[in-house]
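Atoms within each ligand, like the ligands themselves, are counted from 1 in listed order.
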Amino acid sequence: MKLTGVELRWVSMPLVSPFRTSFSTQTARELLLLRVVTDEGEGWGECVSMTSPLYNEEYIEGAADVLRRFLVPALAAAAPFDAATVGSALEPFYGHRMAKAALEMGVLDAELRAEGRPLSRELGAVHDRVPSGVSVGIMDSVDQLLDAVGAYLDEGYVRIKLKIEPGWDVEPVRAVRERFGDDVLLQVDANTAYTLSDARQLARLDAFDLLLIEQPLPEDDLFGHADLARLITTPVCLDESITSARSAAAAIRLGACSVVNIKPGRVGGYLEARRIHDLCVAHSVPVWCGGMLETGLGRAANLALAALPGFVLPGDTSASGRFYATDITTPFVLEDGHLTVPTAPGIGVDPLPDELAAVTTRTEWIPA
Ligand code: OSB
Ligand code: MG
């Protein structure tokens, strides 16, 4: 196919409640959507970078800049291309994986829509619905946390992930275990808030039968994670550190993790995400699908990925209502703790024009 151009859409969506992690407190989700226009039709991409470079080095205005200045022109020059060749067309440019992932997602959606094929089939999905976990932010008090967790369990979420940081770790985990029992699937996510010298404190979490601890140490500290994995019994899972299939292979080889969180944006797209899945399956490393407060567009595509056979742990594939009172697509709702994988061509969902217009703050057309 050939590129006609890409429309960038800045959207701002209020969150149903503030979402606090070890690196920020969010009250609204600002993000960039891409409407990728080709000679064979259009597709939607969602760029999951945040306003500020606090989760990783990427941020919205950086993504917009690299797209208009380098990525869109390079893709236009690569014509004829298809979704499978977007990666190599953009490969000369260092980093900016979330921006690249959004562009590839838009091309993939356009291509699959033109062919009448769903993304789930393209990726190799084997399930028609996937279990839903929920990521629970840091709260002002343990009582507030217990109320929030109780409400999510009542809704049917099958796995709880608690955000932790120094000063908010053992106590909230103990409280959740004591209140809701040992059968709840429970894990924690530190978003790099600790160092190896905290190993003793983190080992106190061993008593609570957690599924895993996600990214306790800095992104570039694979050796630290390998050392930590020998000092604690809770399985170590990496999120921020896994930026490609190559970094995943290195992490596995070093013993830096025994579980992998796959986020398509963080690794440069759904096709690289599938390669990481395949690598992990070959190494018997369980994977699960992470989230970045996606709109219904990114959520739809994540569900297609999460339906692959190696996704043996519930992901942060929660319902639209976890974050948004109004989504820009028909909302994803929990049914018996699961979400249904879309089956329509491409990512399988479309933005609702009125809802999209209501949250769009700016648009820009980048011609090919
Ligand atoms: O570390 O998984 C993370 C949200 C934003 C940035 C990083 C993370 C998260 C989440 C929630 O934990 C993910 C979601 O449910 O979309
Ligand atoms: Mg994480």
> Do Pro216 and Leu202 come within less than 4.5 Å of each other through their side chains, counting heavy atoms only?
Replying inline: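 Yes - at least one pair of side-chain heavy atoms lies under 4.5 Å apart.
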> Taking C-beta and beyond as the side chain, do Leu123 and Leu308 meet within less than 4.5 Å on heavy atoms?
Replying inline: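 Touching, per the 4.5 Å side-chain cut-off.
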> If you count the atoms of ligand 1 from 1 in the order shown, which ones are under 4.0 Å from a heavy atom of Lys163?
Replying inline: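 Taking each heavy atom of Lys163 in turn, ligand 1 has 1 (O), 2 (O), 3 (C), 8 (C), 9 (C), 10 (C), 12 (O) under 4.0 Å.
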> Counting from 1, what ligand 1 atoms have a heavy atom of Phe23 closer than 4.0 Å?
Replying inline: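 In order of number, 6 (C).
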> Which ILVMFWY residues are connected to Trp10, directly or by a chain of links, through side-chain heavy atoms under 4.5 Å apart?
Replying inline: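 Grouped by the 4.5 Å side-chain rule, Met1, Leu3, Val6, Leu8, Leu32, Leu34, Val36, Ile60, Val66, Leu67, Phe70, Leu71, Val72, Leu75, Phe81, Val86, Leu90, Phe93, Leu103, Val107, Ile366 form the rest of the cluster around Trp10.
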Tell me the protein heavy atom at minimum distance from [atom], and give that distance in Å.
{"atom": "atom 6 (C) of ligand 1", "answer": "Met292 SD, 3.5 Å"}
{"atom": "atom 4 (C) of ligand 1", "answer": "Leu293 CD1, 3.4 Å"}
{"atom": "atom 7 (C) of ligand 1", "answer": "Lys263 NZ, 3.3 Å"}

> Looking at residues at least two apart in the chain, or sitting in another chain, which of them share a side chain to side chain donor-acceptor pair (under 3.5 Å) with Gln187?
Replying inline: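 For Gln187, no residue satisfies side chain to side chain donor-acceptor pair (under 3.5 Å) once neighbours in sequence are set aside.
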> Among all residues two or more places apart in sequence or in another chain, which pass the salt bridge (charged side-chain N to carboxylate O under 4.0 Å, His left out) test with Arg200?
Replying inline: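 In terms of salt bridge (charged side-chain N to carboxylate O under 4.0 Å, His left out), with neighbours along the sequence ignored, Arg200 is linked to no residue.
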>> Just to verify, which of Glu30, Glu61, Glu7 counts as forming a salt bridge (charged side-chain N to carboxylate O under 4.0 Å, His left out) with Arg362?
In response: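 It is Glu61; the other options fail the test.
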> With a cut-off of 2.8 Å, which protein N/O/S atoms are close to the Mg ion (ligand 2), if we only count those under it?
Replying inline: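 Short answer, with waters excluded from the count: Asp189 OD2, Glu214 OE2, Asp239 OD2.
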> Judged by non-hydrogen atoms, does Lys161 sit under 4.0 Å from ligand 1?
Replying inline: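 Heavy atoms of Lys161 do come under 4.0 Å of ligand 1.
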> Where do Asp82 and Glu111 come nearest, in terms of heavy atoms and distance?
Replying inline: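 Reported closest heavy-atom pair: CB-OE1, 3.2 Å.
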> Is it true that the NZ or CZ of Arg159 lies under 6.0 Å from the centre of Trp288's six-membered ring and within 45 degrees of the ring axis?
Replying inline: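 Checked: cation-pi criterion met.
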> For ligand 1, does Val134 get within less than 4.0 Å through its side chain, its backbone, both, or neither, judged by non-hydrogen atoms?
Replying inline: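 The answer is neither.
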